[in-house]
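For reference, positions follow the sequence shown, starting with 1. Below, all heavy atoms of this structure are taken into account, side chains as well, without hydrogens, waters or symmetry copies.
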Amino acid sequence: MEWLRLMGVCLLAGAMVMLLRQMQPAAAGLLCAALGVMVISAALPQLAQYVGSIREFLMTLGLEGEYYQVMLKAMGIVLVTQLCAQVCRDMDAPSVAQRAELCGRLALLGVALPVFLSLARMAVGVLQ
């Protein structure tokens with residue numbers, strides 16, 4: 001039921017932003033940013049449950065160490081990038097949002113590349 005409460009807060013904030021955007025566009029953008037931080041903060045306990053489930057799954061496969069850290073970093077990059085890009089869009093800066101998404105994709109590639117290379121080495125080893 002927590003998600004339902006969060007959706008209600010988002011709808012209320014959306015209405016406030018719509019009204020505020022007509023009078024104070026800068027304040028509307030700040031309200032969007034504050035709401036984003038608040039929603040992410042409220043969703044973190046739920047995210048912790050998901051992270052725990054992922055860790056248990058990887059432990060059963062014997063892959064808990066490096067892969068778990070990569071997944072956590074990747075999840076963090078995705079969440080921060082999405083929040084940043086959406087705030088930029090809310091502030092009527094879509095080109096800045098696109099650059100933020102590009103930076104996020106590059107960061108994600110940098111985090112995932114060692115795992116990809118490790119899996120490729122294992123596949124080549126099996127084929128030889």
Find out if a path of hydrophobic residues (ILVMFWY) with successive side-chain heavy-atom gaps under 4.5 Å connects L79 to Y50. yes
Salt bridge (Lys or Arg N to Asp or Glu O under 4.0 Å) contacts in which one or both residues fall within residues 101-110, not counting sequence neighbours: R89-E101
Between CD1 of I40 and CD of Q82, what distance do you get to the nearest 0.5 Å? 9.0 Å
On a heavy-atom basis, the closest approach of S41 and P45 is O-CD, 3.7 Å
In one Ile/Leu/Val/Met/Phe/Trp/Tyr side-chain cluster, 4.5 Å: L11, L4: no
Passes side-chain contact (heavy atoms from CB on, under 4.5 Å), L83 versus V80? Steps please. CA-CA 5 Å; L83 177 64; V80 169; 5.8 Å; no
Only distances under 3.5 Å count here; give the side-chain donor-acceptor pairs of residues 20-37 to other protein atoms, sequence neighbours excluded, each with its distance to 0.1 Å.
residue	atom	partner	partner atom	Å
R21	NH2	D90	O	3.0

Looking at CZ of F57 and CE of M71, how far apart are the two atoms once the value is rounded to the nearest 0.5 Å? 8.5 Å
Are Q69 and V111 packed together at the side-chain level, in the sense that at least one heavy-atom pair is separated by less than 4.5 angstrom? no
Check for me, please, whether L6 and M16 land in the same ILVMFWY cluster - side-chain distances under 4.5 Å, paths through other members count. no
Can you measure from OG1 (T81) to CG (L106) and round to the nearest 0.5 angstrom? 10.0 Å
Rounded distance (nearest 0.5 Å) linking atom CZ of F116 with atom CG of L109: 10.0 Å
Give a yes or no on whether L44 and I54 share a hydrophobic cluster (residues Ile, Leu, Val, Met, Phe, Trp, Tyr; joining criterion: side-chain heavy atoms under 4.5 Å apart). yes
Going from CD1 on I77 to CG on L72, what distance comes out if it is rounded to the nearest 0.5 angstrom? 11.0 Å
Decide whether L12 and V17 are clustered together by the hydrophobic rule: side chain heavy atoms of Ile, Leu, Val, Met, Phe, Trp, Tyr closer than 4.5 Å, transitively. yes
Given side-chain contact (heavy atoms from CB on, under 4.5 Å), test L47 with M75 step by step and report yes or no. CA-CA 10 Å; L47 183 63; M75 287 171 51; 3.4 Å; yes
